[in-house]
Amino acid sequence: MNKIKKLFGDVNLTWPKLLIFAIVAGAFTALVCILPQVQDTSFHTIAVSFEVWVLFGIFIIMNSKSNMDSALKCFVFFLISQPLVYLIQVPFSAEGWGLFHYYRHWFLLTLACLPMGYIGYYIKKGKWWGYLILLPMIALTAMTYKQYFAYFIYCFPFYILTSLFCIAALLIYPNVLFDDKKIKKVGTAISALIIVVITVITLINPLKYTADLISEVDGKEITSDYQASLANDKYGDVSIVYIDGLNSYMVHADFKRKGQTELIVKAPDGTTTKYDLDIGIFVYDITEK
């Protein structure tokens, strides 16, 4: 823990080092966006969620020399790293320069880094109100844990690294950012409670992906007399339901796991039609065999 603590206060974070840090962070994030091999993995979450960027922000704040130094370094870090994420992707994306429309909210957050970095520097004072300043960062990390622990259950073993990262961050922050034993104990207790509550709620109410798959089989409209099933029911449940808005019956699915299986539809005359079904997170691909 002492070695980790040195990273938050004992690093001589000069401006040249900060600029290199921003370029490396932006380039790495762009790389994981480009490589299809890391899509839907823990490595890709840096491109879509806040937990790692919260860590970077805290690192910069704790290694700054003053409130203004903290504000300016946080601002410049995100001013360089975030546009770089999109700039590097431009040659590899069908959207081209259109990718920069995603940067709008990051630009607003970058502007917010000026007051956040300035106020965040007060964490270094080691007082109770410093922990209150830290709480929004704890909340952001907790929200990420809630999302990706649910994804981990749905996609096991994917997203285990992100889930563990969030757990570690929630427990480590109060212990390495403060010297006061009471703040450490209370902060750790709050983080532990957050982790337990989120974990229990997610296990009791796991992520489900609901979708209506098909309304026709072999050119014939599905009726209530059709039957549907999955070759492996661990991926979820399917049934025939009537959709009022479409005035037709469809194969309805409640997916509970990512993976590949077969959808089997049985007609009233006993004939069966099989489909290859590739289930993702809030997306699926279905192809008749």
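Please read these numbers as outputs of a predicted model, since none were measured by experiment.
Two different hydrophobic clusters hold Ile222 and Ile264 under the rule that ILVMFWY side chains link at heavy-atom gaps under 4.5 Å. Leu111 and Leu79 fall within the same hydrophobic cluster, where Ile, Leu, Val, Met, Phe, Trp and Tyr residues are linked whenever their side-chain heavy atoms come under 4.5 Å apart, directly or through other members. No continuous path of hydrophobic side-chain contacts links Val283 to Leu230 [ILVMFWY only; heavy atoms under 4.5 Å]. A continuous path of ILVMFWY side-chain contacts below 4.5 Å connects Leu84 to Leu31, so both sit in one hydrophobic cluster. The hydrophobic cluster containing Val32 also contains Ile34, counting ILVMFWY residues as joined when their side-chain heavy atoms lie under 4.5 angstrom apart, directly or transitively.
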Show me the donor-acceptor pairs within less than 3.5 Å that the side chains of residues 116-138 make with the rest of the protein, sequence neighbours left out.
unit_1	atom_1	unit_2	atom_2	d
Tyr121	OH	Lys65	O	3.0
Lys124	NZ	Met62	O	3.1
Lys124	NZ	Ser64	O	3.0

List the atom pairs, with distances to 0.1 Å, where a side-chain N or O of residues 178-197 and a protein N or O form a donor-acceptor pair under 3.5 Å, not counting sequence neighbours.
unit_1	atom_1	unit_2	atom_2	d
Asp179	OD1	Lys5	NZ	2.9
Asp180	OD1	Lys182	N	2.8
Asp180	OD1	Ile183	N	3.2
Thr188	OG1	Asn175	ND2	2.8
Thr188	OG1	Lys184	O	2.7
Ser191	OG	Leu170	O	2.6
Ser191	OG	Gly187	O	3.2

Using atom types as modelled, flag every donor-acceptor pair under 3.5 Å from a side chain in residues 149-161 to any protein atom, sequence neighbours excluded.
unit_1	atom_1	unit_2	atom_2	d
Tyr151	OH	Gln147	NE2	3.4
Tyr154	OH	Gly280	O	2.9

Per-pair distances, 0.1 Å, donor-acceptor, side chain in residues 12-25, under 3.5 Å, sequence neighbours excluded:
unit_1	atom_1	unit_2	atom_2	d
Thr14	OG1	Lys17	N	3.4
Lys17	NZ	Asn12	O	3.1

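Within the structure, side-chain hydrogen bond (donor to acceptor under 3.5 Å, both in side chains) pairs that include any residue of residues 74-87 do not occur (at least two apart or interchain). Pairs engaging residues 228-239 under the side-chain hydrogen bond (donor to acceptor under 3.5 Å, both in side chains) rule: none recorded [sequence neighbours left out].
Screening Thr162, Leu35, Val38 for a side-chain contact (heavy atoms from CB on, under 4.5 Å) involving Phe43 leaves a single residue, Val38.
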| message | Walk me through whether Ile46 and Phe28 qualify under side-chain contact (heavy atoms from CB on, under 4.5 Å). | response | CA-CA 9 Å; Ile46 190 174; Phe28 175 81; 4.1 Å; yes
| field | Trace of the side-chain contact (heavy atoms from CB on, under 4.5 Å) decision for Leu114 with Leu72 | value | CA-CA 6 Å; Leu114 285 167; Leu72 291 175; 4.3 Å; yes
| task | Starting from the C-alpha separation in whole Å, work towards a yes-or-no answer on side-chain contact (heavy atoms from CB on, under 4.5 Å) for Gln89 and Val85. | result | CA-CA 7 Å; Gln89 290 184 74; Val85 172; 3.5 Å; yes
| task | Check the pair Thr271, Val217 against side-chain contact (heavy atoms from CB on, under 4.5 Å), reporting the backbone distance first and the verdict last. | result | CA-CA 11 Å; Thr271 60; Val217 176; over 6 Å; no
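Ile61 and Cys74 make their closest contact through CG1-SG, 3.7 Å (heavy atoms, listed as atom of the first residue, atom of the second, distance). Taking all atoms of both residues into account, the shortest heavy-atom contact from Val251 to Val238 is CG1-CB, 4.3 Å.
Using modelled atom types, one finds a donor on one side chain and an acceptor on the other under 3.5 Å when comparing Tyr145 with Thr199. Ser49 and Thr144 are not linked by any side-chain donor-acceptor pair at a separation below 3.5 angstrom, with hydrogens and angles left out of the test.
Lys146 NZ: 12 or fewer foreign heavy atoms inside a 6.0 Å radius. Atom CZ of Phe59 has more than 12 heavy atoms from other residues, nucleotides or ligands within 6.0 Å. Counting non-hydrogen atoms of neighbouring residues, nucleotides and ligands closer than 6.0 angstrom, the CZ atom of Phe107 reaches no more than 12 such neighbours.
A donor-acceptor pair is defined here as one N or O able to donate and one able to accept, closer than 3.5 Å; such a pair exists between the side chain of Gln39 and the backbone of Cys33. In this structure, the side chain of Thr223 engages the main chain of Asp225 through a donor-acceptor pair within 3.5 Å.
Residues passing the ring pair (Phe, Tyr, Trp, His ring centres under 6.0 Å) test with Tyr209, sequence neighbours excluded: Phe255, Phe282. Shown here are the side-chain contact (heavy atoms from CB on, under 4.5 Å) partners of Glu288, two or more places apart in sequence or in another chain: Asp218, Thr273, Tyr275. Shown here are the ring pair (Phe, Tyr, Trp, His ring centres under 6.0 Å) partners of Tyr173, two or more places apart in sequence or in another chain: there are none. With sequence neighbours excluded, no residue forms a ring pair (Phe, Tyr, Trp, His ring centres under 6.0 Å) with Phe8. Thr210 is linked by a side-chain contact (heavy atoms from CB on, under 4.5 Å) to His252, Asp254, counting only residues two or more places apart in sequence or in another chain. Evaluation of the ring pair (Phe, Tyr, Trp, His ring centres under 6.0 Å) rule for Phe50 yields Trp106 as partners, not counting sequence neighbours.
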